[in-house]
Amino acid sequence: MPWMRAANKRSGSDQSGVSTDGRQFDFLYLTNDGTRGPFVDTEYVEQFARKLPFSNVPPWLVKYLTLMLENERTRIVGPVLSCEGDVHLQGWSVLIDLRALHLVLPHLQATCAVGMAWASAIDHEIALTTSILDANYTVAGMYPPSFTSFTNDQRKALLEGDQEIINRLHKCENVMRGDLFDAFDNLESLSDIMQYKFGGNIWRIGLLSQAFVNRVHTATALKLGIDSKPISCYRQQYTRRNRHLTLWEKLRRYVRRALAALL
């Protein structure tokens with residue numbers, strides 16, 4: 001969990017974080033061990049890094065910070081905005097403005113509980129985003145590019161069945177699933193999103209597109225300067241059992257939306 005320090009303390013930054021050595025920070029970056037990347041566009045970095053009010057920004061955080069500062073009310077940025085379950089940034093990699101730490105910290109702490117059910121952990125992951133929206137701040141995702149500043153009003157419209165928003169968010173399905181979508185096969189560059197989920201259940205079940213897997217593997221091999229070899233440990237294994245799990249997820253999402261509409 002790296003902390004990011006601003007070159008100068010920002011106005012309104014009363015809730016900056018303090019590291020163990022006493023330094024103050026404005027952002028918290030979270031990632032997990034299923035993340036692959038970063039795949040950096042050097043031209044983008046050169047263009048936008050100099051516009052940021054911070055010094056020594058790592059190249060792979062330039063896009064996160066650019067989106068964070070695009071709207072003064074944005075408090076969390078991640079690679080992919082989804083509405084699977086509820087609106088949320090898929091949690092393999094997020095940057096959090098520490099002025100919103102009091103909103104997200106209870107959910108981060110809750111996931112440390114021993115023996116927590118998987119569904120409960122997912123609920124808290126989703127709540128990192130919804131708690132910020134509930135406080136009338138905005139959230140930003142790199143994908144889809146049409147939602148770089150998503151509001152709570154848009155979330156309410158989605159929960160009420162706004163088909164335009166639902167369709168733009170891939171009908172509230174996981175856009176990384178290669179059995180449903182080819183969006184990640186058709187990215188112009190891996191630097192469009194920079195960091196990708198490349199582990200966890202979606203890997204173990206085999207739902208990533210083989211073309212996407214090969215593309216990430218080849219890019220990784222080039223970055224590390226190693227020979228690119230075919231992946232023998234990954235196979236798509238989309239089975240009838242996985243379809244049943246998907247139906248259960250859809251039912252769970254429907255119930256959650258119905259309850260939200262009543263509140």
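Side chains are part of it too, since the values below use all heavy atoms of this structure and drop only hydrogens, waters and symmetry mates.
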Practice prompt. Drop me the distance from N152's CG to D134's CG, to the nearest 0.5 angstrom.
Written response: 5.5 Å

Fill in: From CA spacing to verdict: side-chain contact (heavy atoms from CB on, under 4.5 Å), N201, L207
CA-CA 9 Å; N201 282 344; L207 294 182; over 6 Å; no

Practice prompt. Check whether any side-chain N or O of K63 sits under 3.5 Å from a backbone N or O of D192 as a donor-acceptor pair, and report yes or no.
Written response: yes

Worksheet item: Step by step, would you call L108 with L30 a side-chain contact (heavy atoms from CB on, under 4.5 Å)?
Response: CA-CA 10 Å; L108 293 173; L30 301 175; 3.7 Å; yes

Worksheet, complete the sentence: Result for side-chain contact (heavy atoms from CB on, under 4.5 Å) between N167 and one of E164, H170, Q163 points to Q163

Discussion item. Is the ring pair H107/H124 parallel, tilted or perpendicular, if the boundaries are 30 and 60 degrees?
Written reply: tilted

Worksheet item: Any side-chain heavy atom of F198 sitting closer than 4.5 Å to one from V213?
Response: yes

Worksheet item: Between Y29 and S93, does any side-chain donor sit less than 3.5 Å from a side-chain acceptor?
Response: yes

Worksheet item: Any side-chain heavy atom of L187 within less than 4.5 Å of one from Y196?
Response: yes

Worksheet entry | Check: S82 side chain, N174 main-chain N or O, donor-acceptor pair, under 3.5 Å | no

Item to complete: Run the salt-bridge test on R215 and D185 with the 4.0 Å N-O cut-off and return the result as yes or no.
Response: no

Discussion item. Among T129, D86, T130, which residue satisfies the side-chain hydrogen bond (donor to acceptor under 3.5 Å, both in side chains) criterion with R155?
Written reply: D86

Practice prompt. Locate the shortest heavy-atom distance separating V104 from S131; write the atom from each residue and the value.
Written response: CG1-OG, 4.0 Å

Discussion item. Looking at every heavy atom in both K197 and G199, which two are closest together, and how far apart are they?
Written reply: CE-O, 3.4 Å

Worksheet item: Are the side chains of I165 and F150 in touch, meaning some heavy atoms are under 4.5 Å apart?
Response: yes

Discussion item. Return the OG1 to CD distance between T111 and E125, rounded to the nearest 0.5 Å.
Written reply: 9.5 Å

Worksheet item: Considering only heavy atoms from C-beta outward, does the side chain of P144 approach that of V175 to under 4.5 Å?
Response: no

Discussion item. Please determine whether side chain to side chain donor-acceptor pair (under 3.5 Å) holds for the pair T35 and N32, giving the CA-CA distance in whole Å, both sets of side-chain angles, and the decisive distance to 0.1 Å.
Written reply: CA-CA 6 Å; T35 302; N32 65 33; 3.2 Å; yes

Worksheet entry | Atom of P53, atom of L69 and distance for their closest heavy-atom approach | CD-CD1, 3.5 Å

Worksheet item: Can the ring centroids of Y64 and F27 be said to lie less than 6.0 angstrom from one another?
Response: no

Worksheet item: Which atom names give the shortest non-hydrogen contact between I193 and P79, and what distance separates them?
Response: CG2-CB, 3.3 Å

Worksheet item: For K51 and Q47, which heavy atoms make the closest approach, and how far apart are they?
Response: CE-O, 3.6 Å

Worksheet item: Measuring from L190:CG to F184:CZ, what's the distance to the nearest 0.5 Å?
Response: 10.0 Å

Worksheet item: Would a distance-only check, ignoring hydrogens and angles, find a side-chain to backbone donor-acceptor pair under 3.5 Å from R73 to N136?
Response: yes

Worksheet entry | Reported CG-to-CZ distance for the pair L101 and R75, which is rounded to 0.5 angstrom | 12.5 Å

Worksheet entry | Distance in Å, D41 CG paired with E46 CD, rounded so as to fall on 0.5 Å steps | 9.0 Å

Worksheet item: How far does CD1 of I76 sit from CG of D97, to the nearest 0.5 angstrom?
Response: 10.0 Å

Worksheet entry | Trace of the side-chain contact (heavy atoms from CB on, under 4.5 Å) decision for F147 with Q154 | CA-CA 10 Å; F147 284 127; Q154 289 174 302; 3.7 Å; yes

Discussion item. Tell me if a side-chain donor or acceptor on W60 pairs with a main-chain N or O of Q195 at a distance below 3.5 Å.
Written reply: no

Discussion item. Salt bridge check, K156 against E160: does any charged N sit closer than 4.0 Å to a carboxylate O?
Written reply: no

Discussion item. Quick check: do R36 and W203 have side-chain heavy atoms less than 4.5 Å from each other?
Written reply: no

Worksheet item: Considering only heavy atoms from C-beta outward, does the side chain of L89 approach that of L128 to under 4.5 Å?
Response: no

Item to complete: Could you tell me which non-hydrogen atom of T74 sits nearest to which non-hydrogen atom of S149, and how far apart they are?
Response: OG1-OG, 4.4 Å

Discussion item. Would you say that T220 contacts F39 through its side chain, given a criterion of any heavy-atom pair below 4.5 Å between the two side chains?
Written reply: yes

Item to complete: Report the C-alpha distance between L81 and V139 in whole Å, list the side-chain angles of each, state the deciding distance to 0.1 Å, and finish with yes or no for side-chain contact (heavy atoms from CB on, under 4.5 Å).
Response: CA-CA 9 Å; L81 186 68; V139 304; 4.1 Å; yes

Worksheet entry | Contact check, side chains of M194 and M142, non-hydrogen atoms, under 4.5 Å | yes

